[in-house]
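Right, one structure below, let's go through it.
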Amino acid sequence: MNDSSQAHWNLDHIVSGLRAARVDWRGPRGRLREDSGDREFPSQESLRTIIRQLCGALFPMRLGPIDLRAEVEDFYVGHTIGAALDALLHQVCLELHHMGRNAGEAESDDTLHARAVQIVRQFGAALPQVRRALDLDVTAAYQGDPAAHSVDEVLLCYPGVSAMIHHRLASVLYKLGVPMLARIVAEIAHADTGIDIHPGATIGKSFFIDHGTGVVIGETAIIGDRVRLYQMVTLGAKRFPPGENGELKKGLPRHPIIEDDVVIYSGATILGRVTIGRGSVIGGNVWLTRSVPAESNVTQASLVNNMPNCGLDSL
């Protein structure tokens with residue numbers, strides 16, 4: 001018979017085995033109390049809904065409801081942001097509670113809620129600035145791609161712009177002290193676009209990622225204004241020094257600094273705390289682990305032919 005109701009899955013054995021695996025994981029980490037009580041981690045599903053609402057509020061006539069009319073635009077924006085911030089408040093409370101528990105710091109519900117309200121209030125206040133930054137990103141994409149027919153096409157179709165909407169929002173959350181929420185927002189964009197930008201990365205004005213798939217930008221990367229990247233570019237770390245307990249040290253500056261007006265072509269890999277000088281062009285598939293001065297032109301050929309010069313052809 002194909003009727004699953006007649007099948008015997010030995011569920012009691014599976015459930016008990018999974019319970020044992022949870023206990024083995026939680027016990028050494030002092031987390032057995034997770035076996036009781038309510039959920040205390042933020043929800044990726046909830047964050048997806050919140051970000052979708054915020055995208056609509058930031059660009060109501062492009063990313064909002066299909067039947068939205070201009071005369072009710074402000075009403076829609078206010079209503080949508082209100083709902084998004086209400087939902088975000090709950091997620092912030094969950095992260096703050098989780099952080100406090102991990103730090104062993106007892107905090108009253110009232111105090112925690114007040115902190116969460118302040119964070120969400122500051123996040124909401126930053127939205128106009130986020131919109132203005134995104135306008136510059138959209139313009140940079142339109143002006144930097146001859147295949148773009150309009151800024152509307154860029155906003156609706158380009159994965160690099162979608163990734164930057166998520167990053168600009170995630171960056172605000174990261175700076176406000178809720179890094180897990182910020183990372184969830186970043187990973188939503190990563191899953192949707194193939195572009196992996198850590199929310200801790202600092203990105204200047206008029207940033208454009210063309211095509212985008214496979215781009216990786218690390219946590220401590222600093223990118224200036226009017227920078228353009230192509231697909232498969234990595235701005236990563238060269239090495240990861242261990243701490244006293246053998247775990248990797250956290251938060252050290254370990255990713256590149258990209259100065260203003262730099263172009264980095266597809267497949268280039270730049271590793272470590274190096275500086276790419278203003279106005280430089282990094283060619284496709286270049287592997288670079290040293291700083292280069294302003295106005296440099298770095299290609300595979302120059303790296304092979306000028307090893308003592310660390311592969312530089314100065315313009």
Side-chain angles (χ1 to χ4, degrees), residues 41-59 63 84-85 87-92 94-96 98-99 119-120 122-124 126-127 129-131 133-134 136-138 141 155 158-205 207-223 227 229-237 240 248 250-258 264 269-271:
F41 294 101
S43 161
Q44 186 182 88
E45 182 179 354
S46 296
L47 263 296
R48 274 191 174 275
T49 300
I50 291 166
I51 295 302
R52 186 168 57 249
Q53 290 172 319
L54 292 173
C55 287
L58 288 168
F59 298 96
L63 302 181
L85 295 183
L88 181 62
L89 176 62
H90 178 60
Q91 299 302 312
V92 172
L94 289 173
E95 176 161 359
L96 293 181
H98 170 66
M99 288 193 297
I119 288 172
V120 175
Q122 290 178 277
F123 176 82
L127 291 177
Q129 181 181 353
V130 168
R131 165 66 201 242
L134 290 170
L136 294 176
D137 296 332
V138 170
L155 179 59
Y158 280 40
V161 171
S162 177
M164 283 308 297
I165 294 174
H166 285 72
H167 175 73
R168 299 288 187 197
L169 294 169
S171 178
V172 177
L173 292 171
Y174 189 85
K175 292 173 182 175
L176 289 173
V178 280
M180 184 181 292
L181 291 181
R183 193 63 187 269
I184 291 173
V185 173
E187 291 306 322
I188 289 171
H190 185 192
D192 290 348
T193 68
I195 297 169
D196 183 1
I197 308 176
H198 193 285
T202 300
I203 299 180
K205 300 175 183 177
F207 182 63
F208 175 35
I209 304 175
D210 200 0
H211 304 295
T213 304
V215 166
V216 177
I217 301 174
E219 176 187 18
T220 63
I222 299 174
I223 299 175
V227 170
L229 308 184
Y230 288 81
Q231 67 273 20
M232 304 301 294
V233 166
T234 297
L235 305 180
F240 305 92
L248 299 180
K250 308 291 185 181
L252 296 177
R254 60 196 182 278
H255 299 101
I257 298 171
I258 311 298
I264 306 176
T269 298
I270 304 173
L271 302 180

side-chain contact (heavy atoms from CB on, under 4.5 Å) involving T193 - partner list, sequence neighbours excluded: P159, S162, A163, I195
Among all residues two or more places apart in sequence or in another chain, which pass the side-chain contact (heavy atoms from CB on, under 4.5 Å) test with L89? C93, H113, A116, V117, V120
Keeping the roles fixed (side chain from T269, backbone from T234), state whether a donor-acceptor pair exists under 3.5 Å. no
Pairing residues for H211 by the side-chain hydrogen bond (donor to acceptor under 3.5 Å, both in side chains) criterion, not counting sequence neighbours: none
Shortest non-hydrogen separation from A126 to V172 and the atoms involved: CB-CG1, 4.0 Å
Applying side chain to side chain contact (heavy atoms under 4.5 Å, CB included) to M164 and Y158, what does each step give before you reach the verdict? CA-CA 10 Å; M164 283 308 297; Y158 280 40; over 6 Å; no
List the steps and the verdict of side chain to side chain contact (heavy atoms under 4.5 Å, CB included) for F123 and L169. CA-CA 9 Å; F123 176 82; L169 294 169; 3.9 Å; yes
Would you check if I165 and L54 make a side-chain contact, meaning some heavy-atom pair closer than 4.5 Å? no
L94 to F41 - nearest heavy-atom pair and separation: CD1-O, 3.5 Å
With side chain to side chain contact (heavy atoms under 4.5 Å, CB included) as the criterion, how do I258 and L229 come out once you've worked through the C-alpha distance, each side chain's angles and the decisive distance to 0.1 Å? CA-CA 11 Å; I258 311 298; L229 308 184; 5.7 Å; no
Non-hydrogen atoms of H166 and I51 that approach each other most closely: NE2-CG2, 3.5 Å
In Å and rounded to the nearest 0.5 Å, what is the NE2 to CG distance from H167 to D196? 11.5 Å
Residue list, side-chain contact (heavy atoms from CB on, under 4.5 Å) with T213, at least two apart or on another chain: none
CG of L235 to CD1 of I222: how many Å apart, nearest 0.5 Å? 12.0 Å
Which atom of Y174 lies closest to which atom of G200, heavy atoms considered: CE2-CA, 3.4 Å
Taking only residues two or more places apart in sequence, or in another chain, which ones meet S46 in a side-chain hydrogen bond (donor to acceptor under 3.5 Å, both in side chains)? S43
Does any pair with a residue in residues 43-57 pass salt bridge (Lys or Arg N to Asp or Glu O under 4.0 Å), and if so which ones, sequence neighbours excluded? R48-D192
Other residues, nucleotides and ligands only: do more than 12 of their heavy atoms fall within 6.0 Å of CD on Q129? no
For A87, enumerate each residue passing the side-chain contact (heavy atoms from CB on, under 4.5 Å) test, keeping only those at least two apart in sequence or located in another chain. I50
Is any side-chain heavy atom of R131 closer than 4.5 Å to one of L127? no
Quick check: do I217 and F207 have side-chain heavy atoms less than 4.5 Å from each other? yes
Which pairs count as salt bridge (Lys or Arg N to Asp or Glu O under 4.0 Å) when at least one residue sits in residues 167-182, sequence neighbours excluded? D137-R168
Side-chain polar contacts of residues 176-190 - donor-acceptor pairs under 3.5 angstrom, sequence neighbours left out - could you list them?
from, atom 1, to, atom 2, distance (Å)
R183, NE, E187, OE2, 3.3
R183, NH1, H198, NE2, 3.4
E187, OE1, H190, ND1, 3.0

Hits for ring pair (Phe, Tyr, Trp, His ring centres under 6.0 Å) against H255, two or more places apart or cross-chain, chain-then-number order -> none
List the residues meeting side-chain hydrogen bond (donor to acceptor under 3.5 Å, both in side chains) with Q53, not counting sequence neighbours, and say none if there are none. none
